[in-house]
Amino acid sequence: MNRIFYYSNKLILLLIMPMFITYGDILCQDSLKELDLFSYKSRLKFGNHLYLEKDYLRASYEFREYLKYEDNDTIRFKFANCFYNIGRYLEAADNFKSIFYNSTIQDESRLAYYKSLFFSGDFNLFRNSSRNEIYLPEKYLSEVNRLYFTSFLMDNSVLPDTANFISAFPDSNKNDIRNFYIQKKFPQYKSPTTAALLSSVIPGLGKIYVGNITDGLTSFLVTGVLTFLAIDNFNHKHSFRGWLFTGLGAFFYAGNIYGSAAAAQIFNAGVKFNFDNNVKLYFEKRNYFLPENNL
Amino acid sequence: MIKLLGKLILFFFVSLVSVQAQYQLSSQFDYANTLFKTGNYFDAITEYKRLIFFDSTKTFFYRSSFQIGKCYKAGAKFDEAIKYFSISELNASDDFERFDSKIEIVRCNILRGTTSRAHQLLNEMELTYSGNDSKDSINYWRGWAYMFEDDWTSAAASFAKINPNHELKLICNRVEKDKVSVTFATVISYILPGAGQIYTGNFLSGLLSLGWNVLSAYLTINAFNAERIFDGIAILTLIWQRFYRGNIQNAAEFAESKNIDIANSALINLQKQFRGAKP
Amino acid sequence: MIKSIIFCLLLVPTLSKAQTDWVKWDAVEVSYKISNASSKNIITQKQNTGSGIISFLRNIYGFFISELDGDNCPFYPSCSHFFVQAISESGMIKGPLMFADRFIRDLNFFKGKNSYPIHRIGKFYDPVSNYTLNEQMIEIALSGNGGD
């Protein structure tokens, strides 16, 4: 009995086997599609994984392939955002444009578009499009407006009216913004002309005015000693030495006038560098008063 | 009976699918390897990453991450390379694989110039692996680390542990012999100005230095003899002292730069000519 | 100011790390050469700048004196290099004035108190381009980041 059971078992298996193989093939082909590493669905999965890993360039390749087969606004947004994160802002802006209409995330895309233009560093382009175009996101009008005013702190355009400028920012930050505004409008520069004039009256005074006090004193001493030597030698009828020291004195006197002007310019460049840096750090720390996007 | 049959069916189905999947994955691995071999490292990384992502059984995890590390290494992105070699180390299935990953990390550290980290890793490895082959391998890479540190004596000692007549040991010995002594160059310059420069082969500079020192010494002594004390002190401090100090500085600098040139030409030769394993 | 500069320097490495694969890269061959950090090598690279008679005189000065009397100038580029560079870039009128100014600044005993950035070879970084009276050319170099 047992044996019969055993054989029948085998027989069934033998009968079923070919069936399995044929069906199995069909089943496998289905599952193969699932497993095809280069199908558009796989591309999407892999792309999302790369996106989370911040491997944005590779993610953008995968999304591009995916978008050839299926249209999906979220993926379009992510695709554009890849370029934004890499720092290819103008490409990002172009890609965000494709989600401006008839989409649930059109406002987010529009905001991202303005962000891209802003961070591209072409503030004129940004300001023109944020004033004139019809792309403005209804949900994020105040954000774009803030970016508009922030851009003025970052380049050399003529600053807009104070009241408008400051009212665009939240109350708690208004003081800081006012300070930045004042510093931008009336920077604490030292005039190179004044420095040069001061140095031509008293050697070294221009340098002291700029803040390089020891440099100023040194050049006062050097020109002073050379002048003294010149006069002393003329008094003792050493006319060659007299003229030599006169020449040297004049040389350093002129050099100091020139150097005072240059020092004032270097001072100004330092002030500007610090201001730009502080503004950048301040806004970066507050994410430019923009909402975090969770897409 | 039916239970058994059910199990059989399930097993059959699963194995068929997984065989197909394995086939898919291994052909993906081959594809990535082709990219790697043709030097297409950036794209190779993409494909290895794809393989890792879809490889649910983690069959290719070790090999892929190891290869990604190699790609980054080829692109001189050592931080990333070390990261991926460490991942491969964590996913290694046996001690050999683990050893290979660690050695790769050491090699990256040598190339990156962080040789102290390489030494630290090699010391740790020495405690774990006691086989003769692994000992040799550890000493070999320790030798390379020393060479990159410009410490040729220690490098020679490391290679000698593998084989007293090791090819690299002989090279290290030769470099050590060719090098000049910075201390000696400095000391003889103190005694005879210019001697240090001449010792390092800069004859013209040495002679000029000697000339300046003799001239300023003559002028100084002359001035003191003629009781022109102020002139004497001026020449002594402004000219003689300057050239004397400069001569010593130059001797040390020439010796150092000559040593670096010797070391560099040896290293470049190794990079271009040496046929064995290189970092 | 210093705080903000340090902050900037801290930011740079964290940013650059994430960016490894944001631009497609190719294989790079790493040279096994040990870098020679001595200041002389860096300066001699610039020795051929300059023109005509001034450069000739400077080469003579360099060969007979400056190469032999040790390392005396606390600035990078050194005063004599500054002179040649200033003349070749700004002409015979501005150049000497720039040099006169530099010379006085070199005489200043307390120059360390001024805010010169430190070049990576350990000297005060004071490039000619800062003194041409052209605001665009002034570089506010971060510490250790100055120069070529």
Side-chain angles (χ1 to χ4, degrees), chain B residues 39-43 45-46 71-80 83 110-113 144 147-150 193-194 197 202 204-206 208-209 211-213 239 241-250 252-254 256-257 259-261 263-272 278-279, chain C residues 10-47 58-76 78-81 103 106-107 109 120-123 144:
Chain B
N40 221 335
Y41 299 113
F42 187 87
D43 295 330
I45 291 177
T46 315
C71 289
Y72 278 122
K73 191 181 153 195
K77 309 198 177 304
F78 298 118
D79 297 353
E80 297 288 317
K83 185 177 140 196
I110 293 174
L111 279 178
R112 191 171 60 171
W144 273 97
M147 288 202 284
F148 271 66
E149 275 172 17
D150 199 19
Q197 284 116 299
N202 301 62
L204 199 55
S205 166
L208 278 173
S209 227
W212 273 113
N213 276 287
I239 302 180
Q241 190 232 24
R242 195 168 161 135
F243 281 105
Y244 187 66
R245 196 165 51 94
N247 136 69
I248 292 158
Q249 273 181 9
N250 263 2
E253 208 169 283
F254 284 149
E256 272 162 25
S257 81
N259 284 346
I260 286 182
D261 286 347
N264 275 340
S265 76
L267 283 169
I268 293 296
N269 258 335
L270 283 173
Q271 185 170 22
K272 288 189 178 144
K278 289 179 272 192
Chain C
L10 284 177
L11 264 178
V12 170
T14 48
L15 283 176
S16 59
K17 237 182 189 173
Q19 290 171 347
T20 316
D21 283 351
W22 289 1
V23 175
K24 206 169 168 175
W25 45 264
D26 286 316
V28 175
E29 204 193 359
V30 184
S31 172
Y32 285 11
K33 269 189 174 177
I34 303 166
S35 64
N36 189 351
S38 96
S39 57
K40 205 141 202 164
N41 276 30
I42 296 167
I43 290 172
T44 42
Q45 282 167 6
K46 284 207 161 182
Q47 205 153 49
R58 212 221 74 88
N59 284 342
I60 296 274
Y61 166 78
F63 184 73
F64 283 101
I65 300 172
S66 138
E67 294 274 302
L68 300 170
D69 68 347
D71 199 8
N72 295 301
C73 189
F75 285 106
Y76 176 81
S78 72
C79 286
S80 56
H81 280 97
F103 193 82
D106 191 11
L107 285 179
F109 268 112
R120 68 190 138 79
I121 58 174
K123 299 195 166 202

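Just so we're on the same page: letters track the sequence lines, and every chain starts at 1.
When heavy atoms are compared at a cutoff of 4.5 Å, Tyr72(B) approaches chain C by way of both its backbone and its side chain. Interface remark: Leu204(B) contributes side-chain atoms only to the contact with chain C (heavy atom separation under 4.5 Å). With a 4.5 angstrom heavy-atom cutoff, Arg245(B) touches chain C only via side-chain atoms. Looking at Ile110(B), neither its backbone nor its side chain comes within 4.5 Å of chain C, counting heavy atoms on both sides.
The distance from the NZ atom of Lys77(B) to the OG1 atom of Thr20(C) is 6.5 Å, given to the nearest 0.5 Å. Note: Thr46(B) OG1 to Asp21(C) CG = 8.0 Å, rounded to the nearest 0.5 Å.
With chain C as the partner, the residue from Gly194(B), Ala76(B), Ala74(B), Ser205(B) showing the most heavy-atom pairs under 4.5 Å is Ala74(B). Comparing Gly113(B), Pro279(B), Gly39(B) by how many heavy-atom pairs each has under 4.5 Å with chain C, the most go to Pro279(B).
Closest non-hydrogen pair, Ile34(C) versus Ile260(B), comes out as O-CG2, 4.2 Å. Residue Val30(C) comes nearest to Gln271(B) through the heavy atom pair O-NE2, 2.7 Å, listed as atom of the first residue, atom of the second, then distance.
Heavy atoms from other residues, nucleotides or ligands lying under 6.0 Å from OH of Tyr244(B) number more than 12.
Ring geometry, Phe42(B) versus Trp25(C): the interplanar angle exceeds 60°, so the pair is classed perpendicular (tilted spans 30 to 60°).
Within the 4.5 Å cutoff, the side chain of Asp26(C) has no heavy atoms near those of the Tyr41(B) side chain. A heavy-atom distance below 4.5 Å is found between the side chains of Ile268(B) and Lys33(C).
Looking at Asp43(B) and Lys24(C), a side-chain N of the basic residue comes within less than 4.0 Å of a carboxylate O on the acidic one, giving a salt bridge.
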query = Are Asn269(B) and Tyr32(C) close enough, and set up right, to give a side chain to side chain donor-acceptor pair (under 3.5 Å), and what steps lead you there?
reply = CA-CA 9 Å; Asn269(B) 258 335; Tyr32(C) 285 11; over 6 Å; no

